Asks: 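Here you go, one structure.
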Amino acid sequence: MGKPEDFSRFLIQAESCLTHNAYEELSGINCPVLILGGGDDKIVGTDAAPEMAEKIKQCKMIIYEGLGHGAYEETEDFNRQVMDFLNETALEENV
C-alpha cells in the first residue's frame with residue numbers, strides 16, 4: 001500500500017468516505033456476504049458491521065473483539081475465515 005502518490009487522491013477518498021451512503025441499497029444484495037469487523041473499530045465505529053448485517057439477507061458476520069479497523073492485519077485467522085466462507089458458499093450453491 002504505502003503512501004498515496006498524490007495527496008489530492010487521499011482527499012478525494014476521504015470526501016467519498018464522508019459523503020457516500022449506500023445503506024439503503026444493502027437490502028438489495030441477493031448473494032451470500034461475509035462481514036468481518038473489529039470490536040474496537042474507531043474508523044467506522046462498532047455499529048457499522050451489525051447495521052450492515054441486519055440489512056443483508058444472506059449474511060455471516062464475524063466480529064473480532066479487541067481489534068480495530070485493521071482486524072484483517074491483526075488476526076491470524078482472517079484468511080482462513082474468508083476461505084471457509086467461500087468454500088461453504090460454494091458447497092451450498094452446488095446442493
Side-chain angles (χ1 to χ4, degrees):
M1 286 266 288
K3 221 165 55 169
E5 293 176 25
D6 181 355
F7 189 67
S8 66
R9 295 165 114 187
F10 170 78
L11 294 176
I12 291 168
Q13 183 176 5
E15 176 69 20
S16 295
C17 289
L18 293 172
T19 59
H20 181 76
N21 185 351
Y23 182 73
E24 295 304 320
E25 305 297 322
L26 295 175
S27 60
I29 295 174
N30 294 312
C31 64
V33 173
L34 175 62
I35 295 176
L36 297 159
D40 291 333
D41 190 330
K42 304 233 184 318
I43 305 296
V44 297
T46 57
D47 294 335
E51 286 176 1
M52 288 189 299
E54 185 177 298
K55 297 284 269 183
I56 300 170
K57 296 173 191 89
Q58 300 177 57
C59 183
K60 176 179 181 180
M61 181 178 66
I62 299 170
I63 300 296
Y64 290 101
E65 295 302 330
L67 298 182
H69 189 70
Y72 60 93
E73 293 178 338
E74 301 174 51
T75 184
E76 293 180 13
D77 76 334
F78 178 85
N79 289 338
R80 183 183 55 76
Q81 291 288 359
V82 172
M83 291 306 298
D84 287 351
F85 176 77
L86 293 172
N87 288 327
E88 290 167 12
T89 302
L91 288 173
E92 290 171 7
E93 293 294 320
N94 289 325
V95 173

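This structure is a prediction, so every number in the text was calculated from the model and none was measured. All values below come from the heavy atoms of this structure, side chains included, with hydrogens, waters and symmetry mates left out.
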Asks: Tell me the side chain to side chain donor-acceptor pair (under 3.5 Å) pairs involving residues 25-52, sequence neighbours left out?
Replies: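 Counting only pairs at least two positions apart or across chains, the side chain to side chain donor-acceptor pair (under 3.5 Å) contacts touching residues 25-52 are Asp41-His69.
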Asks: Check for me, please, whether Leu26 and Val33 land in the same ILVMFWY cluster - side-chain distances under 4.5 Å, paths through other members count.
Replies: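 Same cluster: Leu26 reaches Val33 through Ile, Leu, Val, Met, Phe, Trp or Tyr contacts under 4.5 Å.
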Asks: Can you measure from CZ (Phe85) to CG (Leu36) and round to the nearest 0.5 angstrom?
Replies: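 That separation rounds to 9.0 Å.
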Asks: What pair of heavy atoms forms the shortest contact from Ile63 to Gly38, and how long is it?
Replies: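 Heavy atoms of Ile63 and Gly38 come nearest at CG2-C, 4.2 Å.
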Asks: Thinking salt bridges, do Asp77 and Arg80 make one under a 4.0 Å N-O criterion?
Replies: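 Salt bridge present between Asp77 and Arg80.
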Asks: Given side chains that start at C-beta, do those of Ile56 and Ile35 come closer than 4.5 Å, heavy atoms only?
Replies: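 They are in side-chain contact.
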Asks: Please, which pairs that meet salt bridge (Lys or Arg N to Asp or Glu O under 4.0 Å) have at least one residue in residues 54-71, sequence neighbours excluded?
Replies: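 Counting only pairs at least two positions apart or across chains, the salt bridge (Lys or Arg N to Asp or Glu O under 4.0 Å) contacts touching residues 54-71 are Glu24-Lys55, Lys60-Glu88.
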Asks: Out of curiosity, does Met83 fall in the hydrophobic cluster containing Tyr64 (side-chain heavy atoms, cut-off under 4.5 Å, transitive links)?
Replies: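 Yes.
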Asks: When hydrophobic residues are tied together by side-chain contacts of less than 4.5 Å, even through go-betweens, does Leu86 share a cluster with Met61?
Replies: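 Leu86 does not cluster with Met61.
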Asks: Are Ile62 and Phe78 linked, directly or through intermediate hydrophobic residues, by side-chain heavy-atom contacts shorter than 4.5 Å (ILVMFWY only)?
Replies: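 Yes, Phe78 connects to Ile62 through the hydrophobic network.
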Asks: Treat each ILVMFWY residue as a node, draw an edge where side-chain heavy atoms are under 4.5 Å apart, and state whether Ile29 and Tyr23 are in one component.
Replies: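 In one cluster with Ile29: Tyr23, yes.
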Asks: Can you list every pair that meets side chain to side chain donor-acceptor pair (under 3.5 Å) and has a residue in residues 10-21, with sequence neighbours left out?
Replies: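 Matches after skipping sequence neighbours: none remain.
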